[in-house]
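The next block holds one structure in the form of structure tokens; read it before the comments.
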Amino acid sequence: MGYSFKKIEKKWQEIWEKRKIFRARFNPQKKKYYLLEMFPYPSGRIHMGHVRNYTIGDVVARYKILQGYNVLHPMGFDAFGQPAENAAIKNKISPSTWTMRCINWMRNELKRMGFSYDWEREISTCKSDYYKWNQWIFLKMFKKGLIYRKEAVVNWCADCQTTLANEEVIEGRCWRCKTEVIQKDLEQWFIRITAYKERLLKDLEKINYWPERVILMQKNWLGRSEGVEIYFKIKDLKETITVFTTRVDTIFGATYVVLAPEHPLVKKIIKGKTQEKEVLNFINKVSQKSKIVRTAKDVKKEGVFTGAFAINPVNNEAIPIWVADYVLMEYGTGAIMAVPAHDQRDFLFAKEHNLPMRIVIQNPDLSIQDPKELSEAYEGDGLQINSAEFNGLPNQQAKQKIADWMEQKGIGRRTVNWRIRDWLISRQRYWGTPIPIVYCDKCGVVPVSEKELPVKLPPRVRISGRGGSPLNHVKTFVQTKCPKCKGKARRETDTMATFFDSSWYFLRFCSPKHKTAPFNKKAVNYWMPVDQYIGGIEHAVLHLLYSRFFTKFLKDIRLLNFDEPFTRLLTQGMVLKDGEVMSKSRGNIVDPDSIIKNYGADTLRLYILFAAPPETEMEWSEQGIEGAFRFLNRVFRLLEIERGKNQPDLKLQRKLHRTIKEVTEDIESFKFNTAIARIMELVNQLYQVKDTDIYEAVRTTVILLSPFVPHLAEEMWQRLGNNKSILKTKWPKYDPSLLKEESITIVIQINGKVRSRIEVPSDITEDKLKELALNDLRIKSWIQDKPIKNIIVVPQKLINIVI
RNA sequence: GGGCAAGUGGCGGAAUGGCAUACGCACAGGACUUAAAAUCCUGGGUCCGAAAGGACGUGAGGGUUCGACUCCCUCCUUGCCCACCA
């Protein structure tokens, strides 16, 4: 029952489409607003997370349209990727057919939600007119030396049969299938994102409207840390071990050195030593372990002595060199100086293997001098001891002095270490952008020339899911001519990681059909940067960091005139059911389609916006849906209330204008839940007034509601006698003179507790107010004859009498 | 282990130094109806009290303030992010 949402929603969706109401036109005369939501992977069905994300965006888009902005609000599909291959194997259809089917299905679902997209700008990354430009950008980066191929220890997912970027390894597991990731030695393509690390860090300061925690996550991911590189000569060998430390103040306490098992010097220093075999066995054992086992908390740190010694350059002491699994090749130099008295990990390892300790920083609370008395490492500040000429200095000062001294003597150097690695982008997969590279026996690695783009993905490829890149088996693809010497050559068969595709799609939306470049420069410099970006927190590092990097690169090759792509970012909260994230594996999914069918898109939109503020998690409730539906019916019935004779009284006028003010401010600050609550209050009041002409009030209410429930608003708008779309009207303005009440309730407190309330004219003087308060009967009986110490008056609000 | 959020009625949530619990859900009562649904109206933190009214009350404890859900300190719980990061 209820209003006929099915008919109404269909009707307006057709009208919007027919009248091309959301078509965005390039127009430098008009102030632009680029609103973007993260485009979906076309899995086939939209889920509540999508609905929430896109509804939030749609409110902003429609609000900005009513504010008179030239709004760009596009949608597309992040269509390459592995699930399509898995589906292809399972359903015996090609990834392409499967993906296109999913896209069609999803586009329909999105349209049924009534979102204000300019569908003429739709893009799919799996189409060659899109991925051609992936290849083009790849070649530009290649030319600038930002793309290289090298053999490296890489993350390998045995289940997906492909490599993974560091960013795609979550807690030691594949981000997609959760299989434990192992390390493999492979030749792979990398993007030198590290060349941009300083700018990626520094420009975070320019970003003022992102959630603080996203900025922080990016900072942590870049992981800049200042320290000192120290050179340890190896005794009886012409080699040097370089270690990195942030605690150079503890150098005099270094009692051994540890190399990562993968460290290239290990094999050299054990050669011919009695320990050689034992060390090799140990290295072998460690390499068998997956990353998740190796970094597990409760696992004991293991290691072996190499038989070799290193010379501590500050005191020429010979200290033993160990190999241990707690030192990682990926971080720093893959070698550390161990200071067991002042580093808990070194402490535990030293205890386990009976290695010596030396205290060099005095703990001010605990004057232990004998390391045997230590129960744990002391990592705090204190005065230097056992540190030669630096004794007695506070360690933070000593840090600087020791670094200066080491630099002078050439035994160390200040340096900055970063956590971020270069970005591994090759995947041994079919459903992705072919890497535009050719291998020629004569000329070596040769980039495909721009004119030959796109290197098209061949259709009808057998995908087994096993045994490396499927493109390897496609002769017509692999066999090609060398772009340089025209001789026989072989194509690269790896494809690009799909994060490459999504790192610049927001630029393509500005001119999606542009033929001669990835985007039209004029269009992109008009629409960009994205004014408001909306999506999930899960992309806080991966996608957002890569997109920032692409933008900076494209600026450097003079295609863009800005270097940050997203001005504002909103990360929406997840949709929960029974306190848990909605997911297939938990079986607690609510299908948006069934809600649309039973209550309509407007009800779904209203509920999802009203249930919680956009940034926090929201709990799904079927009863909440009922409530939203009931409210919309109540709104719709406003049309049936007969027009009364009386003009709206001041009370209603004031309510109306206060509501305009509050709703406007709430939308601006993304407090949609309270914006809707304010409108509900207004509607409640419209039902209270009797025999009054509420036409104007209803008209305004409908506009205020239109960003949230656009179909219902359009229908009511039309029935109120308007023949143009409500989107062609203007957002209402409030009359400031109507915000002031003529009488207000003042709270009277005694010692901070509410004891009485009085109604007074709003322009009352302070003295008059005090007098009224003190003469209030209830207050009088509270005060009696107690002395009044103080009276605090908060204008328009309260008066506090201290006795 | 480090960092960042958050903790308010039976439930979702509101209030960011000034009336705690707006708005909605659920619940209860009433009106309409032959009846039900729908709709409309009313009620509601807890405890004491017949009532008027009072006491207590925003995870726990302390502090600042005339006044604290809000600011500060300590702790507890939950969530998220990072993590043998040298």
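In what follows, every heavy atom counts, from backbone to side chain, and hydrogens, waters and symmetry copies are set aside. Order of the sequence lines fixes the chain letters, A, B, ..., with proteins taken first and strands second; residue numbering starts at 1 for each chain. Computed from a predicted model, the values in this text were never measured in an experiment.
- A salt bridge (charged side-chain N to carboxylate O under 4.0 Å, His left out) check over residues 209-229 of chain A, counting only residues at least two apart or in different chains, returns the pairs Arg224(A)-Glu226(A), Glu229(A)-Arg413(A).
- Counting to the nearest Å, the C1' atom of rC40(B) and the CD atom of Gln685(A) are 17 Å from each other.
- rU33(B) is unpaired under the Watson-Crick or G-U wobble criterion, no partner having all donor-acceptor distances under 3.5 Å.
- As a whole-Å value, the separation of Asp325(A) CG from rC84(B) P is 12 Å.
- For the C1' atoms, the distance from rU46(B) to rC41(B) is 27 Å, rounded to whole Å.
- A salt bridge does not link Glu379(A) to Arg247(A): none of the charged side-chain nitrogens sits closer than 4.0 Å to a carboxylate oxygen.
- In terms of the side chain to side chain donor-acceptor pair (under 3.5 Å) criterion, residue partners of Gln218(A) (sequence neighbours excluded) are, by chain and number, Arg548(A).
- When every heavy atom of Val228(A) is checked against every heavy atom of Thr415(A), the shortest pair comes out as C-CG2, 4.1 Å.
- Residue-level contact check: Trp782(A) touches the backbone only, with heavy atoms under 4.0 Å from sugar-phosphate atoms and none from bases.
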Provide a list of protein-nucleic acid N or O atom pairs under 3.5 angstrom, restricted to nucleotides 72-74 of chain B.
none

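- For Ser669(A), the side chain to side chain donor-acceptor pair (under 3.5 Å) test picks out no residue, with sequence neighbours left out.
- In this structure, of rA86(B), rA15(B), rC56(B), it is rC56(B) that holds the atom nearest to the side chain of Lys753(A).
- Listed by first and then second residue, the side chain to side chain donor-acceptor pair (under 3.5 Å) pairs involving residues 605-615 of chain A are Asp58(A)-Arg605(A) (not counting sequence neighbours).
- Taking Thr692(A) as the reference, nothing meets the side chain to side chain donor-acceptor pair (under 3.5 Å) condition, with sequence neighbours excluded.
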Any protein N or O atoms within reach of nucleotides 77-80 of chain B? Criterion: under 3.5 Å, listing atom names and distances.
none

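- Using a 4.0 Å cut-off on heavy atoms, the residues of residues 342-352 of chain A that approach RNA chain B are Arg345(A), listed by number.
- Of all nucleotides listed (rA86(B), rG3(B), rC82(B)), rC82(B) comes nearest to the side chain of Arg419(A).
- The base-pairing partner of rC56(B), taking Watson-Crick or G-U wobble contacts with both distances under 3.5 Å, is rG45(B).
- Using a 4.0 Å heavy-atom cutoff across all strands shown, Ser621(A) reaches no nucleic acid atom at all.
- Every residue two or more places apart in sequence or in another chain was checked for a ring-ring contact (aromatic ring centres under 6.0 Å, His included) with Phe708(A), and none qualifies.
- Residue Arg224(A) contributes atom CZ, which lies 14 Å from atom P of rA86(B) at whole-angstrom precision.
- Nucleotide rA6(B) is matched to rU77(B) when pairs are restricted to Watson-Crick or G-U wobble geometry with both distances under 3.5 angstrom.
- Base pairing of rA15(B) is not made with any nucleotide, judged by Watson-Crick or G-U wobble geometry with both donor-acceptor distances under 3.5 Å.
- With rC85(B), rG13(B), rA86(B) as the candidates, the nucleotide lying closest to the side chain of Thr246(A) is rA86(B).
- Judged by distance alone, the side chain of Gln384(A) and the main-chain N or O of Asp249(A) form a donor-acceptor pair under 3.5 Å.
- The CG-C1' distance, from Leu545(A) to rC82(B), rounds to 15 Å in whole Å.
- Neither side chain, Asn417(A) nor Ser225(A), offers a donor N or O lying under 3.5 Å from an acceptor on the other.
- Note on Arg637(A): a side-chain N or O is less than 4.0 Å away from OP1 or OP2 of rC40(B).
- Checked against side chain to side chain donor-acceptor pair (under 3.5 Å), Arg634(A) has the following partners two or more places apart in sequence or in another chain: Asn684(A).
- RNA chain B is contacted by both Tyr607(A) and Arg755(A); Tyr607(A) maps to the nucleotide lying nearer its 5′ end (nearest heavy atom per residue).
- Other residues, nucleotides and ligands contribute only 12 or fewer heavy atoms inside 6.0 Å of the NZ atom of Lys661(A).
- Annotation: Tyr687(A), atom OH; neighbour count of heavy atoms from other residues, nucleotides and ligands within 6.0 Å is above 12.
- An OP1 or OP2 oxygen of rC41(B) is reached within less than 4.0 angstrom by a side-chain nitrogen or oxygen of Gln688(A).
- Evaluation of the side chain to side chain contact (heavy atoms under 4.5 Å, CB included) rule for Trp782(A) yields Ile750(A), Arg755(A) as partners, not counting sequence neighbours.
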Derivation and outcome, side-chain contact (heavy atoms from CB on, under 4.5 Å), residues Ile764(A) and Leu772(A): CA-CA 10 Å; Ile764(A) 193 167; Leu772(A) 280 173; 3.6 Å; yes

Could you list the protein-to-nucleotides 17-24 of chain B atom pairs, N/O on both sides, closer than 3.5 Å?
{"residue": "rG18(B)", "atom": "N2", "partner": "Gln749(A)", "partner atom": "OE1", "Å": "3.4"}
{"residue": "rG18(B)", "atom": "N2", "partner": "Asn800(A)", "partner atom": "ND2", "Å": "3.4"}
{"residue": "rC19(B)", "atom": "O2", "partner": "Arg757(A)", "partner atom": "NE", "Å": "2.9"}
{"residue": "rC19(B)", "atom": "O2", "partner": "Arg757(A)", "partner atom": "NH2", "Å": "2.9"}
{"residue": "rA22(B)", "atom": "O2'", "partner": "Glu681(A)", "partner atom": "OE2", "Å": "3.4"}
{"residue": "rA22(B)", "atom": "N3", "partner": "Arg678(A)", "partner atom": "NH2", "Å": "3.3"}
{"residue": "rG24(B)", "atom": "OP1", "partner": "Asn684(A)", "partner atom": "ND2", "Å": "3.1"}

